[in-house]
Amino acid sequence: MKIKYDLHIHSCLSPCAENDMTPNNIAGMAMLGGIRVAALTDHNSVKNCPAFYDACRKYGIVPIAGMEITTAEEIHVVCLFATLEAAMEFGELVDSRRMKIKNRADIFGQQLIMNAQDEVIGEEEYLLLSASDLDVFTVAKEVFSRGGVAYPAHIEKPTDSIIAMLGDIPKEAGFFAAEVKDLTALDALIEKYPILEGMTIVSDSDSHMLEGLVDDRRELELELLSDDENEIRDAVIRTLRGPSI
Amino acid sequence: MTVSRLIDELDLEVLSLPFPDREIKGGYTGDLLSWVMGRAKADNVWITIMTNINVVAVASLSDVAAVVIAENAEIGAGVIKKAEEQGINILRSKCPTYETAIAVAKLI
């Protein structure tokens, strides 16, 4: 069965995202765009995931709790989890391994933590754009061992991507999926980086503002045992983890 | 030494120069923004090949006197505009980071 997805979305917790990227606004826009599965992936934090779970359920969207982590090499990696609990646990690990530099909202933007009613319940004190000291191999290992999936984000970007920082996608990291922003560039990318041939390619919106959420989404072919929320989420993660792991 | 003198001595290209008279004290080189954020000091000249928009934010946060983009690295118009708005001096050198750093070190 084909389902529409967007697995890389930022909320108002990410300093670079607009403050109207509230859990309910994201879920509502996702519904209008016909998206079935949506993942919240703020920079280096999962603190809006509980509210996102509740908001998605209100709008009939299957939520996935996630994070876009910045590795020690400054590679952005999308991390998705099968349960909210696993995501929160990973969030604690990253919190303990992140450079603690106080955010300056006047430069970087606010980092708002919200509840399921879109009310501000806190503000992240430390800048979420700074890197953790977890390298890309450790990140993959930590996420996969928690039953989640990790894949390198926007691999063709000249900064913040695995190709920009490491020159290729190292096989040893164990990634089965990769995110490409501009799918028209895919053929050229596969030619240059043959490892991509055997990988599942996803293309997410990486939205930082509500307008970014309404363009066409890609569809993922899933083998579903039922139409249950947990099954859909598990199937997304199964598909992206690949057969080898 | 002021930023404007550094420009003359090193024959740097001026991309954004809201504060030509800022005094330079020491320098820092690095391209990983997180690394620079925690280590570059106020009034340093920061030499980098990174030209991402976040360079401006990191320069503001660290309060560096100027950013010198080495190796003539491409930089977007949006980044320069942002630097002007935020009061960040951005200059560009044809030389690699190593040579640029040596030239700065000889002057200060």
Side-chain angles (χ1 to χ4, degrees), chain A residues 10 14-18 43-45 68-77 94-111 124-136 138-139 153-154 156-167 181 206 208-209, chain B residues 15-16 18-19 22 28-44 46-90 92 96-97:
Chain A
H10 293 271
S14 294
C16 41
E18 303 279 328
H43 291 292
N44 302 302
S45 179
E68 182 181 21
I69 193 171
T70 310
T71 70
E73 307 94 335
E74 297 204 348
I75 297 165
H76 288 195
V77 177
V94 175
D95 254 344
S96 71
R97 302 290 295 266
R98 209 154 46 73
M99 282 189 208
K100 293 285 194 293
I101 293 167
K102 284 217 167 138
N103 181 37
R104 275 192 47 198
D106 58 324
I107 298 173
F108 297 100
Q110 284 183 293
Q111 304 183 142
E124 174 62 38
E125 184 181 1
Y126 295 104
L127 180 61
L128 290 171
L129 294 179
S130 54
S132 63
D133 67 359
L134 302 161
D135 64 42
V136 69
T138 308
V139 165
H154 39 62
E156 77 273 41
K157 267 185 72 175
T159 53
D160 308 327
S161 75
I162 193 160
I163 289 176
M165 305 316 277
L166 300 185
K181 212 168 164 59
D206 191 6
H208 288 70
M209 55 181 94
Chain B
L15 301 175
S16 159
F19 294 108
R22 248 191 101 159
Y28 191 83
T29 67
D31 307 314
L32 285 184
L33 297 183
S34 301
W35 204 266
V36 177
M37 229 183 269
R39 290 170 174 83
K41 295 189 180 65
D43 304 320
N44 276 180
W46 169 28
I47 305 163
T48 181
I49 50 159
M50 183 60 96
T51 57
N52 181 289
I53 187 91
N54 285 340
V55 164
V56 177
V58 171
S60 302
L61 185 80
S62 311
D63 196 24
V64 295
V67 181
V68 177
I69 307 294
E71 306 227 34
N72 241 348
E74 276 290 318
I75 184 163
V79 181
I80 296 168
K81 189 167 168 273
K82 183 95 183 164
E84 279 160 356
E85 284 166 12
Q86 303 246 347
I88 300 297
N89 295 324
I90 298 197
R92 183 156 60 180
T97 302

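All values derive from a computational prediction rather than experimental measurement. Residue numbers start from 1 in every chain, and the chains themselves are labelled A, B, ... in the order their sequence lines are given, proteins ahead of strands.
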Give me the atom names and distance for the closest heavy-atom approach of B/Met37 to A/Ser130.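 Closest heavy-atom pair between B/Met37 and A/Ser130: SD-CB, 4.3 Å.
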If a pair satisfies salt bridge (charged side-chain N to carboxylate O under 4.0 Å, His left out) and one of its residues is in residues 32-43 of chain B, list it, with sequence neighbours excluded.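 Salt bridge (charged side-chain N to carboxylate O under 4.0 Å, His left out) check on residues 32-43 of chain B returns B/Arg22-B/Asp43.
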If you round to the nearest 0.5 Å, how far is [atom2] of [Y] from [atom1] of [X]?
| X | Y | atom1 | atom2 | result |
| --- | --- | --- | --- | --- |
| A/Ile101 | B/Ser34 | CD1 | OG | 7.0 Å |
| B/Asp31 | A/Glu74 | CG | CD | 9.5 Å |
| B/Leu33 | A/Thr159 | CG | OG1 | 8.5 Å |

Does anything in residues 61-88 of chain B reach chain A? List residues with heavy atoms under 4.5 Å apart, or say none. B/Leu61, B/Gln86
Enclosure of B/Tyr28 OH (heavy-atom neighbours >12, cutoff 6.0 Å):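 Counting other residues, nucleotides and ligands, OH of B/Tyr28 exceeds 12 neighbours.
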